[in-house]
Amino acid sequence: MQFMLLFSRQGKLRLQKWYVPLSDKEKKKITRELVQTVLARKPKMCSFLEWRDLKIVYKRYASLYFCCAIEDQDNELITLEIIHRYVELLDKYFGSVCELDIIFNFEKAYFILDEFLLGGEAQETSKKNVLKAIEQADLLQEVRHNYFL
Amino acid sequence: MKEIMVRAIYCEMLGYEASFSYIHAIKLAQQGSVLEKRVGYLAVSLFLHESHDLLLLLVNTVLKDLQSTNLIEVCMALTVVSQIFPKDMIPAVLPLVEDKLTHSKEIIRRKAVLALYKFYLIAPNQVQHIHDKFRKALCDKDPGVMTASLHIYLKLIKESPESYKDLTDSFVTILKQVVGGKLPVDFNYHSVPAPWLQMQLLRILALLGKEDQRTSEMMYEVLDESLRRAEINHNITYAILYECLKTIYTIHPKSELLEKAAKCIGKFVLSPKINLKYLGLKALTYVVQQDPNLALQHQMTIIECLDHSDPIIKRETLELLYRITNGQNVSVIVEKMLDFLRLSKDEYTTIDLVGKVAELAEKYPFPYNSWFIQTMNAIFSIGGDVMQPDIPNNFLRLLAEGFDSDEEDRQLRLLAVDSYLSLLECDTSGLPQRFLQVISWVLGEFSFLKEGLEPADVVERLGKLLDDDAITTETRCWVLAAMSKLCGSSDALCKAEKVAHKYTSCLDTALRQQAVELELLGRDVDLRTRVLPQHGFCVWLQVDSSLSFLDGFVSDALARGAAPYKPPHQRQEELSQEKILNFEPYGLSLPVSLSACSLTDRQSPTALSLSSSLSNLLKLEGVKRVWGKQGYLPEKQATEEALAQEPSSIFAPSHQQACSESQQTTFSTIVEQDQEKRQLASSLFVGLGSQNLGKPEASSSQRFRRKVRPEDPSDVNRSLAVSSSFSHSSSALDVLLDNAIPDPTNLSDSTSEAVPAVGNTEVVEASEVSSLSGGSGPLAQPSSQVERGLESDLPSRLPATLVGLLRSDVEELCSGESLSLSACKVFDADALVLAIFLSNISDSSIQEVSCLISSEQLKVPEMCSTFSVLSFYLNVVVSLYRLVMEAPGTQAIVRGSVSCASQATQSFSLTLSLVDFIRPLPLTTEEYGKMWLSFSHDVKQNLMLLKHEEEDQLEAALTALKEKLCLHIVDVIGAEGIMACQLVSGRPCLLHCHTHGGMLAIWLRSPIADLPDCLLYHCQKAIQER
């Protein structure tokens, strides 16, 4: 996977994760172009896009678009399921997730993503294990937090 | 601080610059509490990229956290390491990450494996020594760790499938267990067991089973099982199915499985879900070359997809059609593609599709020339200026060189002229520049073919083009060049001169040159006819690439005290050797004409030869500028080999006739469809099925073939000039004006030196059989003793020139019933000489033995050595190959095959190590110092020295390196040693060693990128094996 973007229906970026080194300017350009193309597509259309030499896989959940860029030989369907699994994880963690959860706790969303995908590859596919890792880290964090207070 | 950092991340995401906070992110990761550290690391991984300078500051933090006893801290450090880590710093953390592979917590092991995967991606050679540990990870009891290790294996196997064939069995067993539901329920996803793991395994199996029947056979069963299990109607099962399909079609085919797979493709294509349909089309595209009937089965679906509202589906369908194009359906398919192109706005798609259309139009015959011209016109106007430049080049070459029949050539050219004249009548402002260039060239060259057309008329129309402000200078040059071809009559000349006069004072030198040339040629009719003959669009020009006609000029200049010419690299070296800082820009010291020439038109043969064959004597400053900054040539350098092709036959079957029977039967099964679609289908799928689609080129006759070019093997530098009106013709023109027509003998002089002396095969006939120990033994059964005797004797058969050199032992490569092959490496100073001994071990004679070797990584002389006869038992011939490693790699594989008249081909392969290509480089310490500073690529690593009890560790290590790797020890100064070596292609690598506390710090530097990396790997091995 090359990168993952989350953006709202209004085209506001909510989360971005790049697995390939690119300059900020390029990142901005790609984001702008992609958000435009994806938002212009109708709901009945295919979730896959050919864009430059990449494949874009996107899916809409409520008001949020999840959008991944993969290489040509990668499997599009499994990428769609990666998106879905990530949404499931967020859902489980936040308890029926909504856009606001991600806006206000976006660092948490990043932590979950880092536990699930590492360097662009699926790291841990067991839902239980991912959440356990996150909870452990959170727990320790809380304890230390209280201790310092 | 934590809150502020989170906000900074947010700002950055919204597109505001927040680079001031980067350093604070690193500080936070360094100093904060665990809570803050986590945010700090996150911020770092989001803000910075791999080569960011600030990342160096993070290395120490990461090192500290990796050693921490707190699990969470270790996790965080590993996470950040596997996301961004500077390449040069990998050696620092590598041992720590390696240790983590044996950690008791699976999450740590998993992350460590992924971190190593990341290291492998950015610096493969640095993790080569831990491949064994990957195997351990593969056998880990935790499925998560095992899954992670598959990422590495996928990459490794992609690079060299051969070395991992032995793991096939393990992969198949794992897949069986997964499919059989043996994993914990945690890993299920929508009740499918570990889909990610399954797909990874399927991909690996595809790589392993590709073109390998034996390995493929091992996996048939489990593939069948996977197909059978994947029956629930959910995306994830389809994802697995799709991967299965790909694997089945990649590995050695088995008809039963293919049948099942074909059915599955049907499921995809016929699915109402659009995503699945897309994948179905993709799968069809993938398999259609193997099995064109599949496309026939789904033709109605394909037609529907062609009119689909989603452009992505359309695009994929066109891709599929492109694969099934043949001589009969090409016009319909091209039309569909052009329709799509007219609607598409995406630049990337346009470039890609335009290229494909052009390829199809050139490749397939079509009864009408006009179709070809029209299609090309459409391509030029749609593709415009974004398309690949070789499309117009190829088109013009096709027109200029012509085909096999003169009449057809004439007709085609005339058609082109006609269509362009009518195009010029209309509004030309919307036409792309490239198209205008093509138009003006064609009109300049061929408008004389049209009877009743006044050249003056054409000149006037072309002149109108120039009035448009929007056209570029490059196009203007093309137009002027066309005009100078046209001014045969006084009327036309008058008009052309009027136009040209405007440009004689133009600021752009290329344009001005063109205009001045036009004027000059107009005045001198004789010269004009000599330089620009009317039918001169396809003549062979001899270009004196050695520039010998300038020799007089150069020697004059030298006599007047000018400095001799030095090539740019030599100058660069000299500059870098001066240790004083140079504040002047380097660019200015280069002769302007040289940099302009080699940068602007790389394709110009004159510029090429200029930069390649400059003799040391030639001084460029002061040489008259012969090569202007002219537009690119319509013709590429003619070094590309001419294709010899058979004469073509005209091919024009009607569509109805060509409708094969198989289609008609398919049609009858389809229920009433509307007439239009059927027609479309019949025209699209005509010629499919019964014909062999896999090789369309072979089955259809090609009309548009290039003529066989006259070839003169002794003359490498010959170049073809399509037209004498473009830039290299202008150099020829100047040559003519100077009255210094190159003498052909100069040419052959210069080329004879250039003939590469790389490969030569020497045949040493072994005539003295009596000396062989086995000569007296029973001939019917060659005993092993005989062979051993033979082997020890083989080196004596090497030619005298190689006898004194260092060589390896003779090893046996393979042996068949009658031939036995052995090889020996001889380490010559400038190449590795591979000697292959072919010995006859049967008692009959063997006829026509030929031996051929090839290698992907090495430069191998491309030739086949043939020996007419090996007449008697133990008759030996030697075939010698001089191998040179151009691009360094840790090892290189040489494959070869031996065939003889009576027997099956025997093939063999031989792995050569980088060490075989390394030679010592004798240097003095000063020379070493100078070179060290001038090399740009370096690698550093610490190696563990195993033997602590040794007195002088450095000396022992240096000796080991010297013996194993053939290095030259330049000097030993205290605890530091310096060594030098070179690759046989002549490129040096310098080593600097330093011991401290049981570690050997090695620092390698070289002018080429991969050499230090690869050599380091061998140093590691040498030290470990010691």
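The figures that follow rest on heavy atoms only: side chains count, while hydrogens, waters and symmetry mates do not. This is a predicted model, so every value here is computed, not measured. Numbered from 1 within each chain, the chains take letters A, B, ... in sequence-line order.
Contact detail for B:Lys282 and A:Asp72: the closest heavy-atom pair is NZ-O, 3.5 Å. Residues B:Met13 and A:Arg14 approach most closely at CE-O, 2.9 Å, considering heavy atoms. Taking each heavy atom of A:Lys17 and B:Ser45 in turn, the nearest pair found is NZ-OG, 3.8 Å. Smallest separation of non-hydrogen atoms from B:Leu14 and A:Leu13: CD2-O, 4.4 Å.
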Under the side chain to side chain contact (heavy atoms under 4.5 Å, CB included) criterion, do A:Ile78 and B:Glu243 qualify, and how do the steps go?
-> CA-CA 10 Å; A:Ile78 201 78; B:Glu243 213 57 52; over 6 Å; no
Would A:Glu81 and B:His234 count as a side chain to side chain contact (heavy atoms under 4.5 Å, CB included) if you check the C-alpha gap in whole Å, the side-chain angles of each, and the deciding distance to 0.1 Å?
-> CA-CA 10 Å; A:Glu81 295 314 299; B:His234 188 275; 3.6 Å; yes
From CA spacing to verdict: side chain to side chain contact (heavy atoms under 4.5 Å, CB included), B:Leu46, A:Trp18 = CA-CA 8 Å; B:Leu46 290 173; A:Trp18 300 82; over 6 Å; no
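The contact between B:Leu276 and chain A is made entirely by side chain atoms (from C-beta outward), counting heavy-atom distances below 4.5 Å. Proximity to chain A is limited to the side chain of B:Glu316, based on heavy atoms less than 4.5 angstrom apart. Looking at B:Lys37, there are no atoms closer than 4.5 Å to chain A (heavy atoms on both sides), in backbone or side chain. Of the two parts of A:Leu80, only the side chain, counted from C-beta on, holds a non-hydrogen atom closer than 4.5 Å to a non-hydrogen atom of chain B. Looking at B:Ser309, the atoms closer than 4.5 Å to chain A (heavy atoms on both sides) all sit in the backbone: N, CA, C or O. Proximity to chain A (any heavy atom under 4.5 Å) is shown, for B:Tyr189, by both the backbone and the side chain. Heavy-atom distances place the side chain of A:Glu88, and not its backbone, under 4.5 Å from chain B. For A:Asp74, the parts lying under 4.5 angstrom from a heavy atom of chain B are both the backbone and the side chain. Residue B:Gln83 touches chain A through its side chain alone, counting heavy-atom pairs closer than 4.5 Å. With a threshold of 4.5 angstrom between heavy atoms, B:Tyr117 approaches chain A through side-chain atoms but not through N, CA, C or O. At a 4.5 Å heavy-atom cutoff, the contact between A:Asp24 and chain B is made by side-chain atoms alone. Residue B:Asp352: no heavy atom, backbone or side chain, is found under 4.5 Å from chain A. When heavy atoms are compared at a cutoff of 4.5 Å, A:Lys42 does not approach chain B at all.
Under 4.0 Å is where a charged nitrogen must lie from a carboxylate oxygen, and between A:Glu115 and B:Lys111 at least one such pair does. Under 4.0 Å is where a charged nitrogen must lie from a carboxylate oxygen, and between A:Glu107 and B:Arg38 no such pair does. Using a 4.0 Å cut-off between charged side-chain N and carboxylate O, A:Arg41 and B:Asp310 make a salt bridge.
For the pair B:Asn275 and A:Glu76, the minimum side-chain heavy-atom distance is 4.5 Å or more. With a 4.5 Å cut-off on side-chain heavy atoms, B:Ile236 and A:Leu77 do not count as touching.
Within a 6.0 Å sphere centred on NZ of B:Lys267, other residues, nucleotides and ligands contribute more than 12 heavy atoms. Counting heavy-atom neighbours within 6.0 Å of B:Arg7 CZ, excluding the residue itself, gives a total of 12 or less.
Between the side chains of B:Thr79 and A:Asp114, no donor-acceptor pair is found at a separation under 3.5 Å.
Ranked by heavy-atom pairs under 4.5 Å with chain A, the first of B:His190, B:His52, B:His49 is B:His190. Counting heavy-atom pairs under 4.5 Å between each of B:Phe187, B:Tyr238, B:Trp196 and chain A puts B:Trp196 at the top. Here A:Lys28 is the residue among A:Lys132, A:Lys28, A:Lys12 with the most heavy-atom pairs under 4.5 Å with chain B. Ranked by heavy-atom pairs shorter than 4.5 Å toward chain A, the options B:Ile107, B:Thr147, B:Leu279 are led by B:Leu279.
In this structure, A:Lys55 NZ and B:Tyr278 OH are separated by 3.5 Å, a value rounded to the nearest 0.5 Å. With rounding to the nearest 0.5 Å, the separation of OH in B:Tyr41 from CZ in A:Phe111 is 12.5 Å. Between atom CD1 of residue B:Ile274 and atom NZ of residue A:Lys44 there is a gap of 9.5 Å, rounded to the nearest 0.5 Å. Taken from CD in A:Glu121 to CD1 in B:Ile152, the straight-line distance is 10.5 Å, to the nearest 0.5 Å. Note that NE2 of B:His308 is 8.5 Å distant from SG of A:Cys46, once rounded to the nearest 0.5 Å. We find the CD1-CZ distance between B:Ile9 and A:Phe106 to be 5.0 Å, quoted to the nearest 0.5 Å.
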